[in-house]
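Everything on this sheet refers to the single structure shown next.
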Number of protein chains: 2
Amino acid sequence: MAPRTRRPQRRTEALSRERIVEAAVELLDAAGEGGLTFRALTERLATGPGAIYWHVANKGELLDAATDAVVAAALSLAPAEPAKPAGPAESAEPAESAGSSGPTEPAGSTEPAEPPDSPQDKIRAVAFGLFDAIEGHPWLPTQLALQLSRSPWGSVTPRIFESIGRQVRALGVPEGHWFTATSALVHYILGAAGQNAANTASARTFPPDVDRAEFLDAASKAWEELDPDDYPFIRAVAAEMREHDDREQFLAGIDLVLTGITALHLPSTQGGAPSSAT
Amino acid sequence: MAPRTRRPQRRTEALSRERIVEAAVELLDAAGEGGLTFRALTERLATGPGAIYWHVANKGELLDAATDAVVAAALSLAPAEPAKPAGPAESAEPAESAGSSGPTEPAGSTEPAEPPDSPQDKIRAVAFGLFDAIEGHPWLPTQLALQLSRSPWGSVTPRIFESIGRQVRALGVPEGHWFTATSALVHYILGAAGQNAANTASARTFPPDVDRAEFLDAASKAWEELDPDDYPFIRAVAAEMREHDDREQFLAGIDLVLTGITALHLPSTQGGAPSSAT
DNA sequence: ACCTGAACACCGTTCAAGT
DNA sequence: ACCTGAACACCGTTCAAGT
């Protein structure tokens with residue numbers, strides 16, 4: 001079986017913006033932020049820099065396109081153009097694991113959980129889609145921050161905002177609070193996923209034989225070594241941090257924000273815990 | 001009156017790590033991410049690159065130090081060393097406006113508001129300290145993301161975590177939920193402040209005579225021009241976005257997360273809206 | 001219309017040499 | 001111990017020239 005050849009020595013199909021972006025994502029995945037250079041790109045694509053500049057204005061635009069492609073795949077939205085039905089990029093996100101409800105346990109809440117396919121569940125699915133995408137592409141949060149500072153109306157933010165916002169609306173939040181509730185969710189998701197990507201990226205700098213558990217152990221040890229006079233709280237939660245599961249933690253935070261939205265903006269429901277509208 | 005001379009042509013006091021970091025912050029503030037180069041730094045400090053490398057290992061460490069200094073000032077914590085009592089850096093954050101409760105109105109909530117100096121109020125103060133720092137140093141969020149991916153146990157995250165965590169503890173949250181609640185708050189704050197910094201940085205790229213209102217107008221117009229079939233929700237909130245006040249929005253999000261924490265982790269309180277413990 | 005590849009300006013970093 | 005500054009390897013980008 002040889003469904004796709006890796007690193008074509010000589011280019012067979014014509015250069016295209018799509019292929020360049022695909023190669024850029026591969027380089028970023030393989031070697032991180034500094035791995036994407038025009039020289040590495042020309043070598044991988046077997047061309048000269050001029051050819052790349054014919055399809056792409058500059059490096060910033062290339063990074064934006066790579067960021068956008070990965071996020072679009074994670075949100076399961078079509079990336080601007082229909083493209084071929086078969087999955088083209090080898091680094092595209094499957095986003096299938098995000099379809100079901102939660103990771104290990106539903107949450108720390110005592111609530112039994114809403115009906116499947118509730119808006120809450122769909123919000124969790126979108127969040128985990130991004131979470132997983134970032135885990136596979138640790139360079140994403142930084143690039144997202146950079147793109148954000150270049151042009152806040154870039155294509156990535158609207159995509160995320162739209163995905164979450166639709167579910168906020170379905171939740172029954174009154175129109176006057178749509179923006180606030182959606183912003184809170186999006187900000188939490190990006191912040192938390194970014195923090196987690198930092199851990200992932202940092203764990204990669206360790207020798208490969210050191211697994212994630214050992215890394216977390218080392219990290220929490222570093223926290224424990226902080227001056228107890230300056231950092232009493234951190235000392236107190238260092239143990240909790242060592243035992244925590246990233247996905248579970250992420251989900252608990254989402255449920256926390258969802259609870260806040262429900263309690264503040266859906267006073268009709270009794271109790272305040274997240275439950276489906278009606 | 002000449003309390004401090006700007007851009008000394010010839011260096012009078014000896015070079016120090018502190019002075020280098022100070023100059024780095026100034027360059028970042030003036031010209032953004034790309035403004036900090038070793039050549040600009042040597043010119044400003046009237047030295048050669050070797051002198052800088054004697055005090056600082058490399059550019060990454062310098063960026064980390066600059067980020068740390070600004071965040072530490074924003075949190076009103078001592079930046080590693082006591083330094084002189086008089087404010088040394090001209091770019092240090094005052095963080096005084098964050099001392100009082102809110103910006104324009106307390107919140108969109110119907111609750112009357114907690115007693116001043118409540119944990120909730122202190123959380124808001126810390127959050128606005130960071131919010132203001134980021135507004136003055138739009139390069140901060142990106143550098144924070146970069147530092148995070150270099151070493152998650154860097155000094156900045158613990159600082160923020162500690163400041164928020166203490167108040168979460170004071171809130172009466174049971175110990176088992178400290179980490180979750182604090183993480184949710186920190187992630188929201190960093191995510192929201194980062195988004196806002198993006199707007200600020202982007203507004204700066206406009207000609208100076210275009211004020212922020214016009215910029216927001218242009219931004220929301222860009223959102224309104226998105227394909228209504230792909231982005232129905234965004235179209236619906238574009239108007240809301242144009243009218244929103246950044247600080248008010250930020251505060252509303254914090255109160256939303258606080259409400260979630262109160263409702264989920266302080267079941268003793270009645271109702272679910274944030275109120276002080278006991 | 002699309003691609004080539006030498007050339008340019010600029011960057012972070014090093015290091016033998018000074019004081 | 002602290003600083004100098006020429007030199008090095010590498011980067012993003014350009015552009016006259018090809019097909």
Side-chain angles (χ1 to χ4, degrees), chain A residues 7-28 30-67 81 139 142-143 146-147 149-151 205, chain B residues 7-28 30-67 81 139 142-143 146-147 149-151 205:
Chain A
R7 298 200 59 182
Q9 289 278 358
R10 238 170 284 166
R11 181 158 31 90
T12 88
E13 56 181 319
L15 207 54
S16 70
R17 190 184 155 96
E18 218 178 20
R19 267 194 58 72
I20 294 172
V21 171
E22 183 188 329
V25 170
E26 289 170 11
L27 284 171
L28 285 166
E33 327 267 357
L36 178 59
T37 65
F38 273 83
R39 269 162 248 265
L41 213 48
T42 55
E43 196 192 356
R44 195 179 194 90
L45 294 170
T47 33
I52 296 174
Y53 275 94
W54 177 259
H55 295 277
V56 164
N58 52 38
K59 192 178 182 180
E61 191 188 296
L62 181 55
L63 282 165
D64 283 355
T67 304
E81 45 198 350
W139 46 271
T142 304
Q143 288 311 314
L146 276 169
Q147 173 171 357
S149 68
R150 272 192 295 262
S151 62
T205 66
Chain B
R7 294 203 60 182
Q9 289 278 355
R10 239 170 284 165
R11 182 159 28 94
T12 90
E13 57 181 321
L15 207 55
S16 69
R17 189 185 157 95
E18 219 178 19
R19 267 194 57 72
I20 294 173
V21 171
E22 183 188 329
V25 170
E26 288 170 12
L27 283 172
L28 285 166
E33 326 268 357
L36 177 60
T37 66
F38 274 83
R39 269 160 248 266
L41 213 48
T42 56
E43 195 193 358
R44 195 180 193 90
L45 294 170
T47 35
I52 296 174
Y53 275 95
W54 178 259
H55 296 277
V56 165
N58 50 41
K59 193 177 182 182
E61 192 188 296
L62 181 55
L63 282 166
D64 283 355
T67 305
E81 47 198 348
W139 46 271
T142 304
Q143 288 310 316
L146 276 168
Q147 173 170 356
S149 68
R150 272 192 296 262
S151 62
T205 65

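The chains referred to below are lettered A, B, ... by the order of the sequence lines, with proteins before strands, and numbering in each begins at 1. All values below come from the heavy atoms of this structure, side chains included, with hydrogens, waters and symmetry mates left out.
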Reading DNA chain D 5' to 3', how would its secondary structure be written in dot-bracket notation, given Watson-Crick and G-U pairs with both distances under 3.5 Å, brackets [ ] for crossing pairs and | for partners on other strands? ||.|||||...|||||.||
Using a 3.5 Å distance criterion without hydrogens, assess whether the side chain of B/T42 forms a donor-acceptor pair with backbone atoms of B/R39.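 A pair under 3.5 Å: yes.
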Give a yes or no answer on whether the side chain of A/K59 reaches the backbone of A/L36 with a donor-acceptor pair at less than 3.5 Å. yes
Checking A/E61 now: which residues fulfil side chain to side chain contact (heavy atoms under 4.5 Å, CB included) with it, not counting sequence neighbours?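 Only A/R17, A/V56, A/A57, A/N58 meet the side chain to side chain contact (heavy atoms under 4.5 Å, CB included) criterion with A/E61.
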Interatomic distance, [X] [atom1] vs [N] [atom2] [rounded to whole Å]:
| X | N | atom1 | atom2 | value |
| --- | --- | --- | --- | --- |
| B/I20 | D/dC2 | CD1 | P | 12 Å |
| A/I52 | C/dC2 | CD1 | C1' | 14 Å |
| B/E43 | D/dT4 | CD | P | 14 Å |

OP1 or OP2 of C/dC3 sitting under 4.0 Å from any side-chain N/O of A/W54? no
Taking only side-chain nitrogens and oxygens of A/H55, does any of them come within less than 4.0 Å of OP1 or OP2 of C/dA1? no
In whole Å, measure the gap between the P atoms of D/dC2 and C/dA17 for me. 22 Å
Do A/L62 and A/L41 come within less than 4.5 Å of each other through their side chains, counting heavy atoms only? yes
Is the shortest side-chain heavy-atom distance between B/L146 and B/Q143 below 4.5 Å?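 Yes, at least one pair of side-chain atoms sits under 4.5 Å.
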To check you understand the geometry: which heavy-atom pair defines the closest contact between A/R44 and A/A23, and what is its length? CD-CB, 4.1 Å
Taking all non-hydrogen atoms of both residues into account, name the closest pair between A/A66 and A/V25 and its distance.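 Taking every non-hydrogen atom into account, CB-CG2, 3.8 Å.
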Testing A/L28, A/L63, A/L27 one by one against A/W139 for a side chain to side chain contact (heavy atoms under 4.5 Å, CB included), which residue passes?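 Result: among A/L28, A/L63, A/L27, A/L28 is the only option passing the side chain to side chain contact (heavy atoms under 4.5 Å, CB included) with A/W139.
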Given D/dC3, D/dT4, C/dT4, the nucleotide with the shortest approach to the side chain of B/L15: D/dC3
Reading nucleotides 6-19 of chain D 5' to 3', which nucleotides get B (base under 4.0 Å from a protein heavy atom), which S (sugar-phosphate only), which -? B----BBBBB----
